[in-house]
Amino acid sequence: MNITVVNFKGGVGKSMIAHQLITGFGYRGCEIDPYGSLSDRLPDMVERIEIQEKHLPQPVRDTIFDFGGFDDIKLDQAIGYSDLIVIPFIPTLETIQGTVDTLVRVAPMDKPILLVPNMSQKENDIADAKFVFDETLGFEVEMFALPMSVALQTAINENRSIIDLSRQGGIKGYAYKKSANLMRDLHAKIREYAN
Ligand SMILES: Nc1ncnc2c1ncn2[C@@H]1O[C@H](COP(=O)(O)OP(=O)(O)OP(=O)(O)O)[C@@H](O)[C@H]1O
Ligand SMILES: [Mg+2]
């Protein structure tokens, strides 16, 4: 299964999700982001695509395409290879426009879209964002919310899978279990779209 993770808005959690899918569930990564660090952090699993490159290599097996916060012709290629488009976003009024632009850009490509409200402060903000997206698209898109999590941030900082971290014993392992289960649930949701 190939997955494109995209949002023209920066800092919404694209690379965090890509990192956790790659380290936790055995995907390969393809980084299309000149400012990104995923391929430096996971050099054996992630291929870096240079900015001047016109073509993406055909993925040989389950691959996550991690885009930086910009538009690119390679986005069309990645989506063409993908079974699912994952769009993380932060549900605040100030940042919603970038996500709307992203939806308008990718929706015509007729691939399923999963929106991931990330680090939301209030439950209501997700409902408000959903209203805007459904109105924009004219159909409903599915959502899977991820809360702000110190455990997830620790996993990213330590360049580890949250699932792996949750396996350590004691009180620390316990703190990671909740976020690890959330990642498993997100992955299960993603797999529902596998062809
Ligand atoms: N649910 C979360 N809980 C805690 N920290 C998070 C969460 N999601 C993302 N972060 C952190 O927020 C920061 C921004 O996330 P990330 O780099 O994944 O965004 P991005 O969309 O890839 O940004 P860019 O457009 O610059 O590539 C990172 O430090 C990341 O680890
Ligand atoms: Mg990124």
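In listed order, ligands and their atoms are each counted from 1.
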Regarding N157 and Q153, is there a side-chain donor-to-acceptor distance under 3.5 Å anywhere? yes
Atom 29 (O) of ligand 1 has as its nearest protein heavy atom Q153 OE1, 3.3 Å
So for ligand 1, is P147 a polar contact partner (N or O within less than 3.5 Å, distance only)? yes
With under 30° as parallel and over 60° as perpendicular, where do the rings of F65 and Y81 fit, or are they tilted in between? parallel
Specify the protein heavy atom at minimum distance from atom 18 (O) of ligand 1: its residue, its atom name, and the distance to 0.1 Å. M16 N, 2.8 Å
The Mg ion (ligand 2) contact by M16, N, O or S atom under 2.8 Å: no
Centroid separation F8 to F67 less than 6.0 Å: no
For M148, which part has a heavy atom under 4.0 Å from ligand 1: side chain, backbone, both, or neither? both
Part of N118 with heavy atoms under 4.0 Å of ligand 1, whether side chain, backbone, both or neither: side chain
What is the closest protein heavy atom to atom 17 (O) of ligand 1, and at what distance does it sit? S15 CB, 4.2 Å
Who's the nearest protein heavy-atom neighbour of atom 27 (O) of ligand 1, and how far? D33 OD2, 3.5 Å
Examine G11 against ligand 1 and note whether any of their N/O atoms are separated by less than 3.5 Å. yes
Step-by-step side chain to side chain donor-acceptor pair (under 3.5 Å) determination, S120 to D125: CA-CA 7 Å; S120 88; D125 288 343; over 6 Å; no
Under 4.0 Å from ligand 1, counting heavy atoms only, is it the side chain of V12, its backbone, both or neither? both
Non-hydrogen protein atom less than 4.0 angstrom from atom 13 (C) of ligand 1: no
Just to confirm my output: which protein heavy-atom neighbour is closest to atom 4 (C) of ligand 1, and how far is it? S149 O, 3.2 Å
